[in-house]
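Right, one structure below, let's go through it.
The analysis underlying the following values was restricted to heavy atoms, covering all of them including side chains, and did not include hydrogens, waters or symmetry mates. Within every chain, numbering begins at 1; the chains are lettered A, B, ... in the order of the sequence lines, protein sequences first and strands thereafter.
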Protein chains: 2
Amino acid sequence: MSNNHIKPENSTGKSMAKQVKIKDIAEMAGVSAGTVDRILHNRGNVSAASREAVEKALSETGYRYNIHTSAVSLKKGYKLVIAIPTAVKGEYWGTVQNGIEHALEEYSDITIECEYAFYNQFDIYSCRNSFDSIMERKPSAVIIGATFVSETVLLCTKLDKYGIPYAFVDAVIEGTDPVVTYSSDQNACGKTVGRLLDLFTPENAGIAVFGSRRIGNERANNSMVRMSGLMEYFSTCGKKREIKESKISVADPDESEKDIIRFLGENPEVKGIAVLNSRGYIIADILSGHGIQDMNIISFDLTVNNVRCVRSGSISAVICQRPEQQGFHAVKAIIRTLLYNIKEKNVHHFMPMDIIIKENLNQYREIYSE
Amino acid sequence: MSNNHIKPENSTGKSMAKQVKIKDIAEMAGVSAGTVDRILHNRGNVSAASREAVEKALSETGYRYNIHTSAVSLKKGYKLVIAIPTAVKGEYWGTVQNGIEHALEEYSDITIECEYAFYNQFDIYSCRNSFDSIMERKPSAVIIGATFVSETVLLCTKLDKYGIPYAFVDAVIEGTDPVVTYSSDQNACGKTVGRLLDLFTPENAGIAVFGSRRIGNERANNSMVRMSGLMEYFSTCGKKREIKESKISVADPDESEKDIIRFLGENPEVKGIAVLNSRGYIIADILSGHGIQDMNIISFDLTVNNVRCVRSGSISAVICQRPEQQGFHAVKAIIRTLLYNIKEKNVHHFMPMDIIIKENLNQYREIYSE
DNA sequence: TCCGGCCTTGTGTACGTCCACAAAAGTAGG
DNA sequence: CCTACTTTTGTGGACGTACACAAGGCCGGA
């Protein structure tokens, strides 16, 4: 009972990497621990000779400092600013936020202050307001859920100027220099949707694709990339499918309903619909309301409404890009950067595209909620 | 609509929790820090009165001790024994091992020694040998990948006796008391396979199911549970499908090949095959070798061979249960138990069943390899 | 040469916990 | 009431790092 632990010193033959301490490095380089510390933290005021000697010792020993003792003596806290579209519980950005908070819990023994700078993803002025406030908040690091291209580039330029690290979730914006990004390959998503639609829809039936209405021409538009992936799938799959395109309006539900019903009246051969955003449930509910049962809908994101529709069968499949994991890992990566002051090598992480159908829905719910 | 987004903690959007220290608890309870420490670590020699006062203070403040300072001053190390089937890189248990090692890296600042006790999952004697050696190794905790029921129960009884915590990955054995388990709902897996097979196989074609040959009648047999799930799917899906059953032998490849070709000769209507273990690639390769192209194979696990077949199209879909995550989380949970000496509430974790097809294969590869 | 100022380096304390050991309180027997 | 012993409690050093501050070295100008 009392001997179910081992003593660190007396390893029973197993070799254990011995921890190299700052003092060891200092001794090797012929300087004091303080100098090593200054180099490790880029605090400046170090001669070229000392720096060289210490860096040699560091790389020879493969020194990695002890995160625990580091955290113990760390005086300064960090301030994390999260600039993402308004997070609604049970929807996409709400799930991202879950992941963010989950990660912060893991670091609850370090002083990390976290501020949200939400913006309306359909309103460029709201985004500008929000992003303008970020520098005033004096962040140590920023997590960005980008929608508008030039606003984001502007923000990143400022952050770069002050050496403030930032990470992207959901979408990656060109012309920026993030520490790390978590996103999905939207083109591959489109292909996957194509494949699923193809599987679920009878061979002789038609297919329709619903995207969002474009808002401004500056938006980083995941839907459009998904669309081209979907088209690629159908142009290479060997089968001949007729593909109709349409849009749904987010703003006006009554309008949408009329549009959809009219569209289906005009295209009775359509038996499969791809909805390239998270609003598949809207179409599913409209069709249910009109007693239409034999439509196969594929949509995106495991939101509460989509979950309901997958369970009831009014949506055939949903593709999900692990928003929670995106938030979680982005925060962890950015905190690691703050602590260790090193950039990771592989900055772009692509999340898997989970395929969720009625049969495997339950296990995903457990993962994505909580 | 406007204000149902998540407010983190307080109105200013900041989240910071103040650390309650052992000294604070000691002061509140009118004892010294040493006494609090003894209670926290069940070191005994504490009067009932002190214990009561301290526990009151602990629960009032919601005290949670600082993992970093704890780790800094922790003298003892831990020894983790991993009792799983022999891990081969790129196969199921190899991926579990990846996850285990990944988790150990996260705790590289704590002294954790890790020993593997591999066994041959097809040989009950090998399992006995391996499990018999475990107590001698004086583990602080054990991670078990169980195959044989009574051997596992025996091991767990011994572990329980000495109060050594253990966790299950992949399968859960009845009559044991693990700290935590990571596994999949095999019945739901079976249903999902059924659904996929149904989608991929033309409506008028027949379907076959290949399980493993049973080895001994004591084995925890995932295949059998998957089989019943699959049957459930087809008995409730409304369609009429003819389902044939067969087995594949792991031992003798030539024998398997003959069996399969004979089977398909006798059942030419079969155009879809579910392989309820990870050996879908064997069948896929045999069929490819015989020039058979129009078979839809669904199998399990993202092994290197299955990945190759999904990419080439000879396997239509694979279901994967995140072996890496299972290993990863099991280790993290067990280490948390060792550190905090508390049991988690929800011991059974079910992993999602990822559906992998050609179109979404690449992103999963990145996740599961690395 | 001396002085002030800047650049560089070394030193010492604090962080919160663990744990060994010392001290104190309690108990029992004579 | 004293001694011997057990149970309970308090105390201080150690862990490895961060950072403030003091101290030393170097340089140019007077």
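Take A:Ser133 and apply the side chain to side chain donor-acceptor pair (under 3.5 Å) test, not counting sequence neighbours, and it matches A:Arg137. Not a single ring pair (Phe, Tyr, Trp, His ring centres under 6.0 Å) links A:Tyr107 to another residue, sequence neighbours left out. Contacts of A:Thr61 classified as side chain to side chain donor-acceptor pair (under 3.5 Å), with partners at least two apart in sequence or in another chain: none. For A:Phe131, the ring pair (Phe, Tyr, Trp, His ring centres under 6.0 Å) partners at least two apart in sequence or on another chain are A:Tyr119. Judged as a side chain to side chain donor-acceptor pair (under 3.5 Å), and not counting sequence neighbours, A:Asn66 has no contacts. For A:Glu60, the salt bridge (charged side-chain N to carboxylate O under 4.0 Å, His left out) partners are A:Lys56, not counting sequence neighbours. Taking the ring pair (Phe, Tyr, Trp, His ring centres under 6.0 Å) definition, one finds that B:Tyr63 meets it with nothing, sequence neighbours left out. Judged as a side chain to side chain donor-acceptor pair (under 3.5 Å), and not counting sequence neighbours, B:Ser70 has no contacts.
Rounded to an integer number of Å, the gap from B:Arg43 CZ to C:dC18 C1' is 6 Å. Atom pair B:Asn42:CG and C:dC18:C1' shows a separation of 15 Å (rounding to whole Å applied). Between the P atom of C:dT17 and the OH atom of B:Tyr65 lies a distance of 10 Å, rounded to the nearest Å.
Reading DNA chain D from its 5' end, the first and the last nucleotide to sit under 4.0 Å from a heavy atom of chain A are D:dG16 to D:dC19.
Recorded end-axis angle for the helix from C:dT1-D:dA30 to C:dG30-D:dC1 stands at 50°, based on five pairs per end and rounded to 10 degrees.
A heavy atom lying under 4.0 Å from DNA chain D marks the following residues of residues 46-64 of chain A, by number: A:Tyr63. Of the residues in residues 24-38 of chain B, B:Val31, B:Ser32, B:Gly34, B:Thr35, B:Arg38 come within less than 4.0 Å of DNA chain D through at least one heavy atom, sorted by number.
Separation of atoms OG1 (A:Thr86) and CD (A:Gln97) is listed at 10.0 Å; rounding is to 0.5 Å.
Note on B:Arg51 versus B:Glu55: salt bridge recorded, some NZ/NE/NH1/NH2 to OD/OE distance being below 4.0 Å. A salt bridge links B:Lys332 with A:Glu106: at least one charged nitrogen is closer than 4.0 Å to a carboxylate oxygen.
Around NZ of A:Lys158, the count of heavy atoms belonging to other residues, nucleotides or ligands within 6.0 Å exceeds 12.
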